[in-house]
Amino acid sequence: MIVLVIVLVPATVLAAAWFWLLGRVTREDWVTAAYNRVLDGRLEEERLRRKDARREEMLARYHGVAAKVMGLVLGGGSQKKIEKLRREGEALRSGDLRSVSLFEMPGYVLQNRYEALGRGSLHKTLLERNTELYGKKYAVNKTKQLLARLLSYPILGESVVLALGALTYGMGNRTGGLAAMLVGTLLVAGLVYAQYDEVNDRLNRRRAAISRQFPNVVSKLALLVTSGMIMDRAWRETAQSQDLELYQEMRITAEELSNLVDPTTAYTNFINRCNTKETTKLASAIIQSQSKGNAEIGALLKSMAHDAWQERRHTAKRDSEKANSKLMIPTMLLFVAILVMIMVPVALNFASL
């Protein structure tokens, strides 16, 4: 009975706190959550469009029956999903908030009420990473959204876990109740950490993709510049050649340059958005060449392209070595399984003699 009370008290307090915070949600919180939902829809729509573009590009390589077979393998387009996202975005902009999740709303209230949460070290870390992922324009709101989830989900999740554990314990299954509380608490902690770690994972994948694309980019820039094209035009031509991560960032810089943004500022923004050693070296070289003249930029780009391809080969070699080392574990497990399959019958035969 004492254990049941000890569990039910924090479960009730957490649930009451969550619902109390939900009742304190302001109009500003709803607007922020709706804006983030619209932004999520836009980003997902862009992702689906890029996916469809890659699909069409692959299908264009085939003809006749082969094209139909590949169409079945690759699946249909994403037009229906895009239309659904558009309708949802229009509904949100018109004031229909049904698609906004209630589960994260108490987190917005906590950020507004307690400045240490809304401006603390965790907030700064998430803001830096979201700035790299989404740019300064969207980083603040995306950080609020993620921080709201990190604050709200543990309160509600732990209250539900403790309540279910107490219910199981009260029905006489004491071991099951305690196990449910322990496992449930670990599960809630793992799910919340996964929300946080997803940002790091996306950031690492993005940086790795940019590093992989860099040799092609700098090689094309070197070719265009050494052939006599000015840097701004070479940058724009390279940016328009593909639709991958690095090329998208280059297009943003090209748009800034077209809008008469100072070149130093535009390329500095490019450095901040990409945040890899390769892009930092490239943009810094362009900034220096513009202040000193463009006489040596072609030779510098050719040297950077050579170094980039060398590094690409070394990276590929390191990745293959890592893959081989990871294969050792399943290989050893398979070897042990084979030994067991061989030795067990032999041991049984000896035992029967």
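One is the number of the first residue; the rest follow in order along the sequence.
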Worksheet item: Applying salt bridge (Lys or Arg N to Asp or Glu O under 4.0 Å), which residue pairs with at least one partner in residues 239-262 are found, sequence neighbours left out?
Response: R206-E249, D243-R251, E249-R273, E256-R273

Any chance you could pull the hydrophobic cluster mates of [X], using side-chain heavy atoms under 4.5 angstrom and chaining through other members?
| X | value |
| --- | --- |
| W309 | none |
| L85 | L48, I82 |
| I252 | none |

Which heavy-atom pair separates [X] from [Y] by the least distance, and what is that distance?
| X | Y | result |
| --- | --- | --- |
| V218 | A305 | CG1-CA, 3.5 Å |
| A33 | M105 | CB-SD, 3.7 Å |
| A11 | A163 | CB-N, 4.0 Å |
| M304 | L282 | CE-CA, 3.3 Å |
| T168 | G176 | CG2-C, 3.9 Å |
| T185 | M181 | OG1-O, 2.7 Å |

Fill in: Verdict with reasoning, T32 to Y108, per side chain to side chain contact (heavy atoms under 4.5 Å, CB included)
CA-CA 9 Å; T32 303; Y108 287 103; 3.8 Å; yes

Item to complete: Quick one: sort the Y267 and W235 rings into parallel, tilted or perpendicular, breaks at 30° and 60°.
Response: perpendicular

Item to complete: Please list, chain by chain and in numerical order, all residues satisfying side-chain contact (heavy atoms from CB on, under 4.5 Å) with S99, sequence neighbours excluded.
Response: R37, E88, L92

Fill in: side-chain contact (heavy atoms from CB on, under 4.5 Å) partners of P154, counting only residues at least two apart
V192

Worksheet item: Just by modelled atom types, is the F214 backbone N or O under 3.5 Å from a matching donor or acceptor in the E278 side chain?
Response: no

Worksheet, complete the sentence: When rounded to the nearest 0.5 Å, the distance separating CD of Q145 from OG of S101 is 9.5 Å

Item to complete: Report the C-alpha separation of R93 and E90 in whole Å, then their side-chain angles, then the decisive distance to 0.1 Å, and conclude whether the salt bridge (Lys or Arg N to Asp or Glu O under 4.0 Å) test is met.
Response: CA-CA 5 Å; R93 285 188 288 269; E90 291 173 359; 5.1 Å; no

Worksheet item: If you group Ile, Leu, Val, Met, Phe, Trp and Tyr by side-chain heavy-atom gaps below 4.5 Å, do L178 and L167 land in one group?
Response: no

Worksheet entry | Test log, rule side chain to side chain contact (heavy atoms under 4.5 Å, CB included), inputs Q213 and Q242 | CA-CA 10 Å; Q213 297 155 22; Q242 293 194 44; over 6 Å; no

Worksheet item: Judged by modelled atom types alone, do D29 and T26 share a side-chain donor-acceptor pair under 3.5 Å?
Response: yes

Practice prompt. With K142 as reference, evaluate D40, T131, N130 under the side-chain hydrogen bond (donor to acceptor under 3.5 Å, both in side chains) test and give the passing residue.
Written response: D40

Practice prompt. Could you go through the side chain to side chain contact (heavy atoms under 4.5 Å, CB included) check for L246 and F270 one step at a time?
Written response: CA-CA 10 Å; L246 181 53; F270 174 77; 3.7 Å; yes

